[in-house]
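All values below come from the heavy atoms of this structure, side chains included, with hydrogens, waters and symmetry mates left out.
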Amino acid sequence: DLDDNWTAFDGATVAPGNLTQNPDLDFIIDTEAGLAGDGFVYTTDADFIGNYAVYVGPQAIIRFDFEGAAYADQLSLYFESSAGGTWTYALTPADTRHEVLLGVNLGGWQSFDIGANFATALTDIDRIGIYVANKDTGPWQYSLDNFEIAIPEPETVWMLVAVLVSLGVTFRGRISEIAGQMKARFVKS
């Protein structure tokens, strides 16, 4: 049950009345002074905070379901770390199921904190959650469910590494072949 361990702030409120009826987390993003709304919901549950580099591992995947996409212009997974700032990962609001690799930064994670280091940030995650924004006036209700950490089996990780290496070797050979053909064409002309 997500309701027990989640907090809302900065424009978001946990939706009253629905919490004991559903296993998911219902929350509302409202407007302030007639402007568009945005807000955060997050957890500090011990299962999701701490040292990801040691306790969770470099292949950690955060999975969750999000509903209410019709009323969301922006959706991001984010985490805050006392060791390395705040990091966000932009998601497509229209998707209902989300999976984000948290253990490594493959270009998707961003921080606006000067000098923030992703690897250092993973050593002390203080809270993790989602950010939702809507340019239209609300209130809008959203739902978050099945928020979990998945850690692939080592065999799966090695298989993925082998596939990536194989693709790299395959493409490298093809690129060399194309380059050779182009060089031959230039030499003839």
Side-chain angles (χ1 to χ4, degrees), residues 1-15 18-19 22-30 36-53 55-81 84-113 116 118-119 121-122 125-136 138-153 156-157 159-160 163-164:
D1 186 5
L2 291 178
D3 302 332
D4 299 333
N5 303 310
W6 287 75
T7 304
F9 79 100
D10 197 24
T13 55
V14 174
N18 295 329
L19 299 180
N22 301 318
D24 57 350
L25 175 72
D26 294 327
F27 61 99
I28 294 172
I29 303 282
D30 205 348
D38 67 344
F40 298 82
V41 290
Y42 69 91
T43 185
T44 55
D45 185 285
D47 291 339
F48 298 104
I49 63 171
N51 187 338
Y52 273 56
Y55 301 120
V56 179
Q59 291 82 26
I61 298 171
I62 298 292
R63 294 182 178 150
F64 64 92
D65 296 321
F66 173 77
E67 293 183 27
Y71 312 112
D73 294 313
Q74 291 180 17
L75 175 65
S76 298
L77 179 66
Y78 84 98
F79 70 87
E80 289 185 9
S81 168
T86 300
W87 291 82
T88 63
Y89 190 95
L91 301 166
T92 304
D95 296 340
T96 55
R97 183 71 171 158
H98 297 276
E99 293 188 2
V100 178
L101 182 62
L102 184 61
V104 293
N105 185 0
L106 299 174
W109 286 97
Q110 284 188 322
S111 179
F112 298 105
D113 298 325
F118 188 77
L122 289 179
I125 292 181
D126 301 315
R127 66 178 172 193
I128 189 167
I130 65 168
Y131 165 79
V132 181
N134 190 310
K135 66 178 182 255
D136 297 323
W140 305 107
Q141 185 157 348
Y142 305 94
S143 178
L144 181 65
D145 200 4
N146 300 316
F147 198 92
E148 64 185 357
I149 296 177
I151 302 169
E153 296 293 325
T156 305
V157 173
M159 182 182 69
L160 289 172
V163 167
L164 290 173

Rounding to 0.5 Å, atoms CD1 (I128) and CD (E80) come to a distance of 11.0 Å

Partners meeting ring-ring contact (aromatic ring centres under 6.0 Å, His included) with Y78 (sequence neighbours left out) | F40

Is there side-chain contact between Y142 and V41, with heavy atoms separated by less than 4.5 Å?
-> no

Polar side-chain atom of T96 near backbone of F66 as donor-acceptor pair, under 3.5 Å | no

For the atom pair OG (S81) and CD1 (I49), what is the distance rounded to the nearest 0.5 Å?
-> 11.0 Å

Does D65 offer a backbone N or O that forms a donor-acceptor pair with the side chain of D145 under 3.5 Å?
-> no

The reported gap from CG in L91 to OG in S76 (rounded to nearest 0.5 angstrom) is 6.0 Å

Nearest non-hydrogen partners of G84 and A116, listed with the distance = O-CB, 3.5 Å

How many angstroms lie between CG in L144 and CG in L75, if you round to the nearest 0.5 Å?
-> 9.0 Å

Straight-line distance of Y52 OH to F79 CZ, nearest 0.5 Å = 8.5 Å

Note: P93 and A72 closest approach over all heavy atoms is CB-O, 3.8 Å

L77: which of F147, W87, Y131 passes side chain to side chain contact (heavy atoms under 4.5 Å, CB included) = F147

Any side-chain heavy atom of F48 sitting closer than 4.5 Å to one from I149?
-> yes

Under the 3.5 angstrom rule, does the side chain of T92 hit a backbone N or O of A94 as a donor-acceptor pair?
-> no

Side chain to side chain contact (heavy atoms under 4.5 Å, CB included) with W109: of L122, L102, T88, L101, only one passes, and it is L102

Nearest atoms (heavy-atom pairs only) where A121 meets I125 | O-CG1, 3.7 Å

Would a 4.5 Å heavy-atom cut-off, applied to side chains only, mark R127 and T7 as touching?
-> no

